[in-house]
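Here is how names work: the chains are called A, B, and so on, in the same order as the sequence lines, proteins then strands, and each is numbered from 1. Worth saying up front: this structure is predicted, and the values here are computed from it rather than measured.
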Amino acid sequence: MKRALEDLLKTALTQLQTDGWLAADITLPAVVVERTRDRSHGDFACTVALALAKAAKRKPREIAVALQERLPIDARVVRTEVAGAGFLNFFLAANAYQSIINQALTLAENFGRSDLGAGRLVQVEFVSANPTGPLHVGHGRGAAYGSVVAALLAAVGFRVHREYYVNDAGRQMDILATSIWLRYLELCGESFRFPANGYQGNYVWDIAATLHRIHGDGLRIAADEVFAAIPEDAPNAEEQAAGIGPAGDKEAHIDGLIERAKQCLGEMRYRTVFDGGLTSIIADIRDDLAHFGVEYDEWYSERSLTERGKVTEAIERLKAAGYLYHKDGAWWFRSSDFGDEKDRVMVRENGQSTYFASDIAYHLEKLARGFDWVVDIWGADHHGYVPRIKAALTALGEDANRLRVMLVQFAILYRNGARMQMSTRSGEFVTLRELRKEVGKDAARFFYVMRSSEQHMDFDLDLAKSQSNDNPVYYCQYAHARVCSVFRTMAEKGLTWDRENALNHLDRLTEDHEQVLLATLARYPATIEAAALSYAPQLLATYLRELANDFHTLYNAHTFLVDDAPLRDARLALIAAVRQALGNGLSLLGVSAPDKM
RNA sequence: GCGCCCAUAGCUCAGAUGGAUAGAGCGUUGGCCUCCGGAGCCAAAGGUCAGAGGUUCGAAUCCUCUUGGGCGCGCCA
């Protein structure tokens, strides 16, 4: 419809020039038609007269009137008016929106989908939490946001590749492996002080127990031998509170233990422990996300990059291009030449490449894998990372615009009006699994995406759990269930719905509430488009609340199951179409649309 | 100290590419009502869009500065 009006206006504009009303050498501004906010301004409005005023040296209203006079006739437009400073408003025929009903009913689950993306291939990488423990609530927002962005892009015709980057290399994983082994040693009967910097969570015990079940005492080394000549540890949280404990360096201590584990176990057996922890935690994360409605096309291993020489290759390419230099025994990338704050180390003094180096390799691989572009969804704490990755891509002649990084701000959980403390260090963090069990998948997902991703959000646990109209999830689902209920009641009354008859009598929908609901329903496809193209799920969430609201308002004002059959059929068609939009929209958000509640 | 992000009604937040009188829900106040599905309906009050400049026909939206908050500034990942 928007497009049609824009065409009418373009015709009128060129007519102005051929008439000589407007100088032919004026460059015409883009014709933009937008939906009005206020219904008294009609259905659509155009501001081109305002934009043209200066170049044309005419008053905006004069231009608008001239345009109005030259607009081609269109049956869908009942009336136009020039208003305000020079707005040209369009009033559509009452039946202009009616076709949306048939469209929704006919397309059914495809209602709202389009082929805007034309099959272009887009990768969406999200969550990608280190596999060193269960996901916590901080990951939940990225998980919900990423999966909805992916679903939206798919809905508008992109081929979407959902990916989880598994950081299965690096020091954190070594700390996990060592933590598991130490717990295993305890299960074998060894006793010692567990390192302050080790992973404290109960899941470490669980993995160690599995290891013990499989290997018995096969991986056991005497504690004295393990801890011999290891640098002293620092106090753990409890000791620090009590003012006791060793006075060393926890980093040096754990690094020493990692080295010792590798020596004692040898490469093969160390790898056994390491992989045991990795696969166990990945399996747990995968299960957790699946229950949260998040599925991936690929779990991409960081270690595989190294094994295939991709990290070395990336370093060599930068070196060959002249962007690396040697200083203090390390290799530095000149990222400051490309807008980064400072240069970054690629290869450490000890010869190990940094995480940054493998991340460059990973992003080069992403671009090389044939995606038209890639979307990274990161926690806001990684924002400083964006310039350096883009710097590396630019330095290597890649188009950094093919990488789009979306930063998701943190969510703060509230219970009984009080902020919940979340400390990842102590192991007391709220896990995503706990959140899901407490408020349910539907509410958790909806709450996470109903706010703009760049906005800090307060997550009200009590509201998310409540079964009342105050709860936006419940409110939307309830609207869906209510439509289903009307159809059940209809059947109980021995009535049937005649869809053909309904479509022939849509002009019976003359009530204000019906017109409002119809106009809102008609916005559904455009909402999906906007939400997808701007990676903004909250546009859809907000829309669904509006649609549900307009439906509930109509429901409270009028009875659907009236004796007048044509009117009844028409109303049922309207609400059936609304149900379709609600169901499709909720499905994109990964939220269920129940038939009864 | 430097950098990125944020600031909208009492609260939680919408306001996609600058458009007309800045919206919703909750809460507050007043009046109705009990209907297909759990209480609903109608109305009112409530705002210097953090502050100050600027850009232009027009700014919550873009630019600069100030204030306040979040985050980041490792040869960690």
Side-chain angles (χ1 to χ4, degrees), chain A residues 30 32 34 36-38 40-41 45-47 49-54 59-60 83-87 89 128-130 132 167 169-175 251 302 327-332 340-342 344-359 379-387 407 409-410 412 414 417 450-452 454-460 463 467-472 475 478 481-490 492-493 526-527 529-536 538-539 541-543 545-546 549 552-553 555-562 596-597:
Chain A
V32 179
E34 44 194 35
T36 54
R37 247 182 251 170
D38 189 330
S40 70
H41 296 142
C46 178
T47 57
L50 292 155
L52 199 54
K54 196 167 193 185
K59 288 178 185 166
F87 296 93
N89 295 336
S128 300
N130 280 348
T132 53
N167 295 119
R171 181 163 171 267
Q172 293 304 321
M173 286 305 297
D174 281 322
I175 295 177
E251 306 291 348
E302 177 188 359
K327 193 185 89 178
D328 302 333
W331 283 96
W332 297 70
D340 196 8
E341 295 169 22
K342 51 188 276 196
R344 311 287 174 179
V345 170
M346 294 280 291
V347 183
R348 285 177 243 168
E349 206 173 352
N350 65 11
Q352 292 253 304
S353 59
T354 57
Y355 172 81
F356 178 46
S358 45
D359 221 12
D381 53 337
H382 285 74
H383 66 80
Y385 216 72
V386 181
L407 298 171
Q409 298 291 330
F410 298 129
I412 300 166
Y414 282 82
M450 73 180 174
R451 306 302 182 205
S452 150
E454 60 207 28
Q455 195 67 249
H456 301 258
M457 71 172 278
D458 289 350
F459 192 124
D460 185 338
L463 180 59
Q467 300 263 308
S468 77
N469 290 347
D470 299 349
N471 182 344
Y475 193 67
Y478 183 34
R482 228 174 183 182
V483 176
C484 295
S485 168
V486 171
F487 276 88
R488 280 194 299 272
T489 307
M490 177 196 77
E492 281 163 20
K493 290 188 174 179
T527 302
E529 234 180 80
L533 296 182
S534 48
Y535 307 131
Q538 84 277 5
L539 294 178
T542 304
Y543 169 83
R545 292 170 72 179
E546 254 181 80
N549 178 60
H552 286 305
T553 304
Y555 182 98
N556 289 323
H558 298 283
T559 306
F560 303 125
L561 301 175
V562 293
K596 58 175 80 169
M597 297 176 71

Notebook entry, point to check: Would you say a side-chain N or O of A/Gln538 is under 4.0 Å from OP1 or OP2 of B/rG15?
Noted result: yes

Margin query: Please tell me if A/Gln455 has a side-chain N or O lying less than 4.0 Å from either OP1 or OP2 of B/rU8.
Written below: no

Notebook entry, point to check: Rounded to the nearest 0.5 Å, how far does CG of A/Leu407 lie from NE2 of A/His382?
Noted result: 10.0 Å

Next item on the list: Drop me the distance from A/Trp332's CH2 to A/Lys327's NZ, to the nearest 0.5 angstrom.
Entry: 4.5 Å

Test ring pair (Phe, Tyr, Trp, His ring centres under 6.0 Å) applied to [X] - qualifying residues, sequence neighbours left out:
X        : answer
A/Phe459 : A/Phe447, A/Tyr448
A/Tyr478 : A/Tyr474, A/His552
A/His558 : A/His513

Check: In B/S/- notation, 5' to 3', how is nucleotides 71-77 of chain B contacted by protein heavy atoms closer than 4.0 Å?
Finding: BSSSBSB

Margin query: Could you walk me through whether A/Asn167 and A/Tyr355 satisfy the side chain to side chain contact (heavy atoms under 4.5 Å, CB included) test, starting with their C-alpha distance in whole Å, then the side-chain angles of each, then the deciding distance to 0.1 Å, before giving a yes or no?
Written below: CA-CA 9 Å; A/Asn167 295 119; A/Tyr355 172 81; 3.2 Å; yes

Polar pairs (N or O, both sides) under 3.5 Å between protein and nucleotides 17-20 of chain B?
residue, atom, partner, partner atom, Å
B/rA20, N6, A/Asn89, OD1, 2.6
B/rA20, N1, A/Asn89, OD1, 3.4
B/rA20, N1, A/Asn89, ND2, 3.1

Identify all pairs in which a protein N or O lies below 3.5 Å from an N or O of nucleotides 26-33 of chain B, and state each distance.
none

Next item on the list: Indicate the atoms forming the closest heavy-atom contact of A/Asn549 with A/Thr553, along with that distance.
Entry: O-OG1, 2.7 Å

Can you list everything that forms a side-chain hydrogen bond (donor to acceptor under 3.5 Å, both in side chains) with [X]? Sequence neighbours excluded, please.
X        : value
A/Tyr535 : A/Trp373
A/Thr47  : none
A/Glu251 : A/Arg171, A/Asn197
A/Asn471 : none

Note to self: In dot-bracket form, 5' to 3', how is RNA chain B paired? Count Watson-Crick and G-U wobble pairs only if both distances fall under 3.5 Å, and write | where the partner sits on another strand.
What the structure shows: (((((((..((((.....[...)))).(((((.......))))).....(((((..]....))))))))))))....

I'd like a list of close polar pairs between nucleotides 41-47 of chain B and the protein, N/O only, cut-off under 3.5 Å.
residue, atom, partner, partner atom, Å
B/rC41, OP1, A/Asn556, ND2, 3.2

